[in-house]
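Just below is one structure, and these are the notes that go with it.
To find a chain, count down the sequence lines: A is the first, B the second, and so on, and within it residues start at 1.
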Protein chains: 2
Amino acid sequence: MKVSSRGEYALRALIALGLQEGNVSTIADISGQTLVPAAYLEQILLQLKMLGYLKSRRGKKGGYMLAKAPDQIVIGEVIRSLEGPLAPMGCVSITSYEACPLEGTCLLKPFWALIRDSIAQLLDQTTLAHLIERKL
Amino acid sequence: MKVSSRGEYALRALIALGLQEGNVSTIADISGQTLVPAAYLEQILLQLKMLGYLKSRRGKKGGYMLAKAPDQIVIGEVIRSLEGPLAPMGCVSITSYEACPLEGTCLLKPFWALIRDSIAQLLDQTTLAHLIERKL
DNA sequence: TCGATACCTGAGTATGTTAGTCAACATAAT
DNA sequence: ATTATGTTGACTAACATACTCAGGTATCGA
């Protein structure tokens with residue numbers, strides 16, 4: 001049930017940028033604060049930008065900043081974008097359902113569904129603002 | 001947040017055996033009911049036996065059966081044995097904690113802890129008996 | 001006792017994922 | 001022009017996943 005380092009790193013970066021309130025931060029800055037290797041962080045920031053969470057400015061005095069207000073950034077969406085569905089099994093995934101031959105009689109499916117609901121509810125009701133303000 | 005096929009297959013096998021109430025089932029039988037490839041299932045059953053969940057009898061008329069009552073088999077324990085800790089990150093794992101350099105100031109840790117609690121509570125309060133009796 | 005039927009053991013393998021690195025390029029400010 | 005920055009895409013080492021397969025060993029029934 002692990003979250004990959006990529007997902008963890010992305011959230012760390014979003015938090016670091018959220019704490020900057022509008023100022024741009026360079027990759028080196030963010031790398032320093034989050035302890036994510038700069039070259040790897042670069043990839044992740046680019047992906048977050050393509051997903052619409054970040055804006056960037058090139059050249060000298062360039063850097064990254066949030067593209068949305070922290071309370072508009074839903075953690076569940078971020079994780080799904082970076083790691084795929086939250087559901088523990090394809091047969092109970094809403095965003096990328098996969099059929100299973102046991103489907104009809106499977107005694108596990110309702111159980112997996114319970115777990116998916118529990119995880120999704122937590123992640124989808126939490127925003128970057130909640131994390132930054134320590135309001136969980 | 002995926003569960004591996006190994007974990008899913010193990011639970012399918014336990015359910016199949018739980019429905020047999022004391023009768024032995026051959027690998028081929030279980031493979032037929034669960035749709036898990038027989039040679040792969042063999043490995044998994046062996047592991048479940050080593051973990052104390054199953055008993056086996058060799059030779060003709062041989063096969064596998066549960067070693068415990070279904071209400072003594074906790075799903076959380078099975079998953080942990082097969083896939084490692086339930087926690088999404090090492091820094092909030094109870095069974096295999098790993099330190100993190102950000103520890104003190106990390107705004108994510110309390111969030112991961114919430115998720116770990118939620119998952120662990122569900123998995124640790126569910127037994128094989130619950131699954132078989134459809135009582136979730 | 002013999003042979004068929006099972007479980008047991010350990011090695012091997014194809015594929016994919018993770019967690020990165022690196023080199024070269026494009027753009028903006030001074 | 002120079003320099004600091006983001007951008008792009010290729011590359012790689014290590015590991016995990018999801019299996020297969022070849023043989024060995026125990027037990028039952030005839």
Let me know, please, whether Gly7(B) or Lys49(A) comes out on the 5' side of the other along DNA chain D by nearest nucleotide.
Lys49(A)

N or O in side chain of Ser5(B) less than 4.0 angstrom from dA18(D) OP1/OP2:
yes

Separation of dG20(C) P from Leu35(A) CG (nearest whole Å):
12 Å

Assess whether one donor atom and one acceptor atom, taken from the side chain of Gln43(A) and the base of dT8(D), lie less than 3.5 Å apart.
no

Ser118(B) side-chain N/O to Leu114(B) backbone N/O, donor-acceptor pair under 3.5 Å
no

Once you round to the nearest 0.5 Å, how far does CD1 of Ile115(B) lie from CG of Leu86(B)?
13.0 Å

Could you check how far CD1 of Ile30(A) sits from C1' of dT5(D), rounded to whole Å?
12 Å

For a quick test of reading the model, state the closest non-hydrogen atom pair linking Thr26(A) to Gly62(A) and the distance between them.
CG2-O, 3.8 Å

Got a list of protein N/O to nucleotides 28-30 of chain C N/O distances below 3.5 Å?
none

Assess whether one donor atom and one acceptor atom, taken from the side chain of Glu42(A) and the base of dG6(D), lie less than 3.5 Å apart.
no

Testing Leu19(B), Thr127(B), Asp71(B), Leu14(B) one by one against Ile132(B) for a side chain to side chain contact (heavy atoms under 4.5 Å, CB included), which residue passes?
Leu19(B)

What is the nucleic acid contact for Leu45(A), judged by heavy atoms within less than 4.0 Å: base, sugar-phosphate only, or nothing?
nothing

Taking all atoms of both residues into account, what is the closest heavy-atom pair of Lys109(A) and Cys91(A), and its distance?
CE-O, 3.5 Å

Nearest-angstrom distance from the residue atom CD1 of Ile44(B) to C1' of dC8(C):
16 Å

Between CG of Leu46(A) and C1' of dG20(C) the distance, given in whole Å, is 15 Å

Rounded distance (Å) that lies between atom C1' of dT5(D) and atom OH of Tyr64(A):
10 Å

Starting at atom CD of Gln47(B), determine the distance to atom P of dA18(D), rounded to an integer number of angstrom.
13 Å

Is atom CD of Glu103(A) surrounded by more than 12 heavy atoms (other residues, nucleotides or ligands) closer than 6.0 Å?
yes

Roughly, in whole Å, what's the span from OH in Tyr40(A) to C1' in dG9(D)?
16 Å

Check whether any side-chain N or O of Ser56(B) sits under 4.0 Å from OP1 or OP2 of dC8(C), and answer yes or no.
yes

Would you mind reading off the distance between Ile27(B) atom CD1 and dT9(C) atom P, rounded to a whole angstrom?
12 Å

Contacts under 3.5 angstrom, residues 31-42 of chain A side chains, donor-acceptor by atom type, not counting sequence neighbours:
| residue | atom | partner | partner atom | Å |
| --- | --- | --- | --- | --- |
| Ser31(A) | OG | Val36(A) | O | 2.6 |
| Thr34(A) | OG1 | Ile30(A) | O | 2.7 |
| Thr34(A) | OG1 | Val36(A) | N | 3.4 |

Is the phosphate of dA18(D) approached by Tyr9(B) (side-chain N or O, under 4.0 Å from OP1 or OP2)?
no

Considering heavy-atom distances to DNA chain C, does Met50(B) or Arg6(A) have its closest nucleotide positioned more toward the 5' end?
Met50(B)

